[in-house]
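Report on the following structure.
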Amino acid sequence: RLSNLCGHLDGHLHQIAQHFHLEIYNRGNQFSLEGPAGAAKRAARLIQRLYKETHKGTEITPDLIHLFLQEDASHQAQARSGRQQLGNSIRTPQLEVKARSPSQIDYLDRIRQHDLNFGIGPAGTGKTFMAVAAAVEALTRDEVKRILLVRPAVEAGEKLGFLPGDLAQKIDPYLRPLYDALYEMLGFDQVAKLMERNVIEVAPLAYMRGRTLSHSFVILDESQNTTKEQMKMFLTRIGFGSKAVITGDVTQVDLPRGIYSGLKHGLNVLDGVEGIGITRFGNQDVVRHPLVQRIVDAYDRHEAEEQQQQCERRRQEDDS
């Protein structure tokens, strides 16, 4: 258990120490933490919690520690705001999904409160995964009769050409992240049965025109690749007893040059409209490998520098 807790060459302890900006020393099962008192107490609680996990036979990995660190940051933010931690998890038949950051908790609250929600942010923030979990929860509680997964069929910067198979097989590659989340929460066999009965339905966005979606939980993923017309069409499909969650990353638009993103346009149009929830995730909300957060930060800095250089070049051209 001690080896599982500490990791290879104390790698897990180094990960915790680096996060809290302190030093962790141990000789056998005796640990000492050196640094700011508040951070040391939080790190001590985390180490004790991880040690309890080893009693259950849980394998402690850097990924698991990263998730626990995200959860700790969420608790701290809630404590500072005076907000109570209620309803921050979703129970599905195969998995309990926990909101790991303040933004995820807000996102989950808004999905439960509003019929239409936007989840906007970089890759790895859990916006799609949490939406699927909320959809599965609503279905198992009989709050909706079916789940509809929608995604625009746009290649990410490269032409894939002809895709073989029927309609479902052609769009499967685009919906794979949604399928993977469903398999984790319901199991492969159950998902297959529900899809046969059309309780779970997948559809490309282009095939939504003319439909009215009542008593459904609809997820539009990768919505940054919709056009203005497609976004308006989708938003006007929502019927009675339905919920819709629209997820996307406005920094990763794969539309042809000159076509404005329907997600960006929709956010501008719907800003301030009552009954619509908008959650904006930041780089600090990334719950994948810690390197992903640093990659997103690096790209943001690079893009900011490029924009600044372009502004300076335009200023110089205007002056000349």
Side-chain angles (χ1 to χ4, degrees), residues 103 106-108 110-123 125-132 134-135 138 144 146-157 159-160 167-168 170-179 181 200-282:
S103 295
D106 290 340
Y107 185 47
L108 190 54
R110 290 184 178 117
I111 289 175
R112 287 167 170 163
Q113 293 172 7
H114 302 301
D115 291 336
L116 177 62
N117 284 276
F118 287 85
I120 316 301
T125 51
K127 53 190 184 296
T128 300
F129 195 81
M130 297 293 292
V132 174
V144 296
R146 58 181 175 164
I147 296 173
L148 192 63
L149 309 175
V150 184
R151 194 169 180 176
V154 176
E155 294 96 343
K159 299 298 181 183
L160 301 179
L167 176 62
K170 287 179 188 293
I171 64 172
D172 270 0
Y174 300 103
L175 294 162
R176 181 53 51 188
L178 300 173
Y179 281 130
I200 296 177
E201 183 183 349
V202 297
L205 181 60
Y207 285 74
M208 298 299 295
R209 190 171 296 280
R211 299 185 62 177
T212 300
L213 307 173
S214 300
H215 307 290
S216 305
F217 199 114
V218 192
I219 300 172
L220 173 59
D221 195 29
E222 298 292 341
S223 63
Q224 73 273 10
N225 291 326
T226 62
T227 64
K228 293 189 289 186
E229 294 77 15
Q230 285 175 329
M231 179 60 75
K232 181 181 178 183
M233 178 270 292
F234 175 80
L235 292 172
T236 54
R237 299 305 96 200
I238 301 168
F240 290 107
S242 289
K243 279 185 178 289
V245 179
I246 300 163
T247 67
D249 179 1
V250 293
T251 68
Q252 296 193 31
V253 178
D254 299 311
L255 291 169
R257 187 181 298 275
I259 298 181
Y260 193 69
S261 169
L263 176 60
K264 293 180 180 179
H265 181 261
L267 290 171
N268 292 332
V269 171
L270 299 175
D271 185 35
V273 175
E274 187 178 353
I276 296 177
I278 299 176
T279 305
R280 299 182 186 274
F281 294 89

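Below, all heavy atoms of this structure are taken into account, side chains as well, without hydrogens, waters or symmetry copies.
Between M130 and I111, the closest side-chain pair of non-hydrogen atoms is not below 4.5 Å. Side-chain atoms of V144 and H215, non-hydrogen and from C-beta on, never get closer than 4.5 Å to each other. In this structure, Q224 and L255 have side chains that are not in contact, with every pair of non-hydrogen atoms separated by 4.5 Å or more. I219 has its side chain within reach of V132: a pair of non-hydrogen atoms, C-beta onward, lies under 4.5 Å apart. Contact check for I238 versus V218: no side-chain heavy atoms found under the 4.5 Å cut-off. Within the 4.5 Å cutoff, side-chain heavy atoms of I246 are placed close to those of M231. Contact annotation: the side chain of V253 approaches that of N225 to within less than 4.5 Å [non-hydrogen atoms, C-beta and beyond].
Sorted by first then second residue, the ring-ring contact (aromatic ring centres under 6.0 Å, His included) pairs that include residues 234-282, not counting sequence neighbours, are Y107-F281.
Note: K127 NZ to T279 OG1 = 12.0 Å, rounded to the nearest 0.5 Å. Atom-to-atom distance recorded for L263:CG and I120:CD1 is 4.5 Å, nearest 0.5 angstrom. We find the CG-CD1 distance between L178 and I147 to be 10.5 Å, quoted to the nearest 0.5 Å. Here the CG-CZ distance, from D106 to R280, works out to 13.5 Å after rounding to the nearest 0.5 Å. Between R237 atom CZ and K232 atom NZ the span is 10.5 Å, to the nearest 0.5 Å. In this structure, CG on D254 lies 10.0 Å from OG on S261, to the nearest 0.5 angstrom.
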Would you sort out whether I278 and L270 count as a side chain to side chain contact (heavy atoms under 4.5 Å, CB included), showing the intermediate values?
CA-CA 10 Å; I278 299 176; L270 299 175; 5.5 Å; no
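Among L149, T226, V245, the single residue meeting the side chain to side chain contact (heavy atoms under 4.5 Å, CB included) criterion with L220 is T226.
Residues L213 and S216 approach most closely at C-OG, 4.3 Å, considering heavy atoms. Of all heavy-atom pairs spanning A135 and F217, the tightest one is CB-CD2, 3.4 Å. Shown here for K243 and H114, the closest heavy-atom pair between the two residues is NZ-O, 2.8 Å.
Checked by atom type and distance alone, the side chain of S223 pairs as donor or acceptor with a backbone atom of T247 at under 3.5 Å.
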